[in-house]
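Every chain is numbered from 1 and lettered A, B, ... according to where its sequence line falls, protein lines coming before strand lines.
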Amino acid sequence: MATIQLKNLCKSFGDVEVIRNVDIEIGDGEFVVFVGPSGCGKSTLLRMIAGLEDITSGTMEIDGAVVNELPPRQRGVAMVFQNYAIFPHMTVRENIGFGLTIAGTPKKEKTRKVQEAAKILQMEHLLERRPSQLSGGQRQRVAIGRAIVRDPAVFLFDEPLSNLDAALRLDMRMELTKLHKQLGATMVYVTHDQVEAMTLADKVVVLRDGTVQQIGAPMELFRKPANLFVAGFIGSPPMNFLDVEISPVDAHTVTVRNEMLLPLKLPNPFGGEHIAAHGKLGVRPQYLRLSKDIAGSFLSGEITIVERLGSETLIDVTIADGSNVIAVIDESEQVAPGETVGLSFEIDRAVLFPAE
Amino acid sequence: MRARSRLTQSNLAGWSFALPGLALVAVFIILPFFVGIGLSLTNQRLISPNPAQFVGLENYRNLMGLSVLTIEPERDAAGAIVRDDAGAIEYPRVRTFTRNNPDYPHLQGMREWISWQSRENRVVLLASDVVFMKALVNTIIFVAVIVPVQGGLALVLALLINQRLPAITLFRAIYFMPVVISVVVVSILWRLIYDGDNGLLNNLLGLISFGLIPPIDWLGNPDTALGAIIGVSVWHSVGFHMVIWLAGLQTIPPSLYEAAAIEGASKWQTFRYVTWPGLRNTAVLVLIVITMQAFELFAKVDLMTKGGPLDSTQTIVFQAVERGFRTQDIATGSAISVIGFVLVLSISLTQRYLTRSRHE
């Protein structure tokens, strides 16, 4: 078991800085997900933990020992790659046992461990096959098998599910959660898919342009995003943002308003005296409620699009200033495009950000 | 279905596009191939007033004929073995058996190729055509040496070149350069390098050994001539095969190397488990291409040694040209070509069989 500390970590390729002053603490047995749009440096960061990329500055510690200069094999990590990276000329058995072959493990022990890993992944019947005879999901299982057979302290996953189809992805996601419980190892997982991040993680690290935007539990990120980027990135459909004017009431309270929105009193999120005059008020589509009382609603507008997803319905409402607000409502609500509706929300569900 | 033009649907159009190429292949490859087989069964001369006669396999017998002759020592009247002044056993001369000896009609015209001692007897391997036999053996030695040496060296160079280092393209260009130089230039260049008196190689060896290594006439000495030609051939073509290996190396996904690194593989283990299996198809290609090229050895021999000294650099193709055109015996030249063809074909098929993929 292992803890990982990234301290003030930086990485440049030539003049291009891809990782900037990243500080992350990963606890023993934690499942941490690095999430962010493509090009945010999440994979680079993972490869730095693996030892596949060198560190430009800062320190990386595994279990308290600085590993900056250690080659991958001395770090005690296992990695699962996006394109599986299993050896095409070896059988499943040879692939899973590769790390043990390299380490010169006795044959008997190797057979036992490979068998054990195959059992965990339910692929004992595939051991003599070659990768070309396997489906994508089975190949990914082989890659995971190769990782677990060595019993490493840290598992690294680099977008392992992105080459799989949607149904399989759901299955594998659940299996990864199960695997984590079963093995209790520290896992670091990279994805651009915020659903994977939300469902798998104990702790999510949101990255953008090589900097950490926020670190927190999935629901913390969902409810209290630290900035506009996190608010927009986490959650589907994305959070609605309204441009608002902010005026202070007292040290702890502010009023926000615009032409379409009734004045609302919110706790002051900025703290102290510094209060921005303009801001954005974020409300998740899931927190918006339909209201028949149009005059008494916080917002109102005309429904332009109704998308019925089955369990819920998405409506796209054009409000007075021409901007759109998306709301997720119950499937039993009867709404139609062209209808004028009011929308309200609980004030403590809304998040206020200073304008960028 | 009028969408497709008539041109692409017409059979005639297809054939007429293929015709010029097919005609060239037919005239310069297919036709000579069969004409060669035909000529090898006749006594045709290149320019001769007499019409050719069908002689069956006589040309092949004349080339391939082999016999073993055991000669007993000369004995004096008492039955004791006759020895010369130095104590060596004396034997009747081989020619007494091969020239007009009615007891040995099957040895008529054969010549001694190799001989060795077996107790007090002398065993002689006789060949109908000793020069051709030497050419055959030289060619096989050449192939046997050049396939592993050139293939292996090319792989080592490719592995060195396949790294991200500054100026690596410069090295790639340098290693590849000999490939684009004409074989004539290469041969003349190396004749100067190998020169027995003032050659670069002798000077270099003298310099690094402080004069301990005496000058060697590399191409004029039967012991070194074939080796010298092997050296030039390796130098000349190694860059070509390096590029083929390099292409093979670049088809191996980098993530496999990363996976191996994470699993703790050493450099050698990475080569053994990732690189070499990934090069399997390339290896088969390189092996077969080098083998076929090696059997065609002609130009360097022709330009550097003309088969000498003492036939130590004779090769099959050199003999085919020598007999067929220089001595105008086109029938024997054709027979040599056919033997060469059968040899290359059987070796290539054997290689294909031995290197076949066992997993499909």
Side-chain angles (χ1 to χ4, degrees), chain A residues 13 43 46-47 49-54 70-91 94-105 128-133 139 142-152 154-160 163, chain B residues 151-152 155 158-160 162-170 244-288 351-360:
Chain A
F13 291 111
S43 282
L46 190 80
R47 294 165 58 83
I49 298 176
L52 296 173
E53 300 283 354
D54 51 357
L70 287 189
R73 59 165 171 248
Q74 287 173 28
R75 297 192 183 193
V77 299
M79 185 158 169
V80 176
F81 293 83
Q82 176 175 0
N83 57 4
Y84 323 129
I86 50 179
F87 304 111
H89 53 276
M90 296 183 191
T91 60
E94 288 163 341
N95 260 295
I96 293 180
F98 182 72
L100 303 175
T101 308
I102 290 298
T105 310
E128 305 312 325
R129 296 237 188 127
R130 281 181 189 275
S132 55
Q133 301 164 308
R139 285 178 205 191
V142 175
I144 294 170
R146 187 175 63 194
I148 63 181
V149 79
R150 280 194 305 142
D151 203 13
V154 179
F155 282 87
L156 305 174
F157 295 93
D158 189 2
E159 308 215 17
N163 285 3
Chain B
L155 177 59
L159 289 170
L160 291 175
N162 194 29
Q163 300 180 64
R164 281 194 200 157
L165 292 174
I168 205 81
T169 48
L170 185 70
I244 299 182
W245 283 121
L246 206 55
L249 283 173
Q250 284 168 358
T251 60
I252 301 173
S255 63
L256 292 186
Y257 288 108
E258 291 178 347
I262 293 219
E263 298 294 314
S266 65
K267 280 213 158 149
W268 164 246
Q269 285 170 324
T270 308
F271 179 79
R272 156 111 172 58
Y273 291 109
V274 182
T275 313
W276 183 246
L279 288 175
R280 192 194 163 74
N281 293 333
T282 315
V284 174
L285 178 73
V286 168
L287 185 69
I288 289 178
Q351 285 175 336
R352 279 280 295 276
Y353 178 75
L354 291 176
T355 55
R356 73 198 183 281
S357 183
R358 289 176 185 81
H359 312 306
E360 279 159 26

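Ranked by non-hydrogen atom pairs under 4.5 Å with chain B, the options A/Ala147, A/Ser132, A/Pro72, A/Gly51 are led by A/Pro72. Interface check for chain B: of the options A/Ala143, A/Ala103, A/Gly99, the most heavy-atom pairs under 4.5 Å are formed by A/Gly99. Heavy-atom pairs under 4.5 Å with chain A were tallied for B/Gly278, B/Ala260, B/Pro253; the largest tally goes to B/Ala260. Most heavy-atom pairs under 4.5 Å with chain B, from the set A/Arg146, A/Met79, A/Glu94: that is A/Arg146.
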Next on the checklist: Working note: B/Arg272 + A/Ile102, criterion side chain to side chain contact (heavy atoms under 4.5 Å, CB included); need CA distance, chi angles, decisive distance, verdict.
Outcome noted: CA-CA 11 Å; B/Arg272 156 111 172 58; A/Ile102 290 298; over 6 Å; no
Next on the checklist: ring pair (Phe, Tyr, Trp, His ring centres under 6.0 Å), that's the test. Do B/Tyr273 and A/Phe87 meet it? Break it down for me.
Outcome noted: CA-CA 9 Å; B/Tyr273 291 109; A/Phe87 304 111; 8.2 Å; no
Checklist entry - Between A/His89 and B/Arg280, does a side chain to side chain contact (heavy atoms under 4.5 Å, CB included) hold up when you go through it step by step? => result CA-CA 10 Å; A/His89 53 276; B/Arg280 192 194 163 74; over 6 Å; no
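Atom CD of B/Glu258 and atom CG of A/Leu52 lie 4.5 Å apart (nearest 0.5 Å). Expressed to the nearest 0.5 Å, how far CD of A/Gln82 lies from OG of B/Ser255 amounts to 10.0 Å. Rounded to the nearest 0.5 angstrom, B/Leu256 CG and A/Asn83 CG are separated by 8.0 Å.
Only the side chain of A/Pro88 comes within contact range of chain B, judged by heavy atoms closer than 4.5 Å. When heavy atoms are compared at a cutoff of 4.5 Å, A/Ile86 approaches chain B solely by way of its backbone atoms N, CA, C and O. Of the two parts of A/Arg47, only the side chain, counted from C-beta on, holds a non-hydrogen atom closer than 4.5 Å to a non-hydrogen atom of chain B.
Using a 4.5 Å heavy-atom cutoff, the side chains of A/Val149 and B/Glu263 are not in contact.
At distances below 3.5 Å, at least one donor-acceptor pair connects side-chain atoms of A/Arg73 with backbone N or O atoms of B/Ala265.
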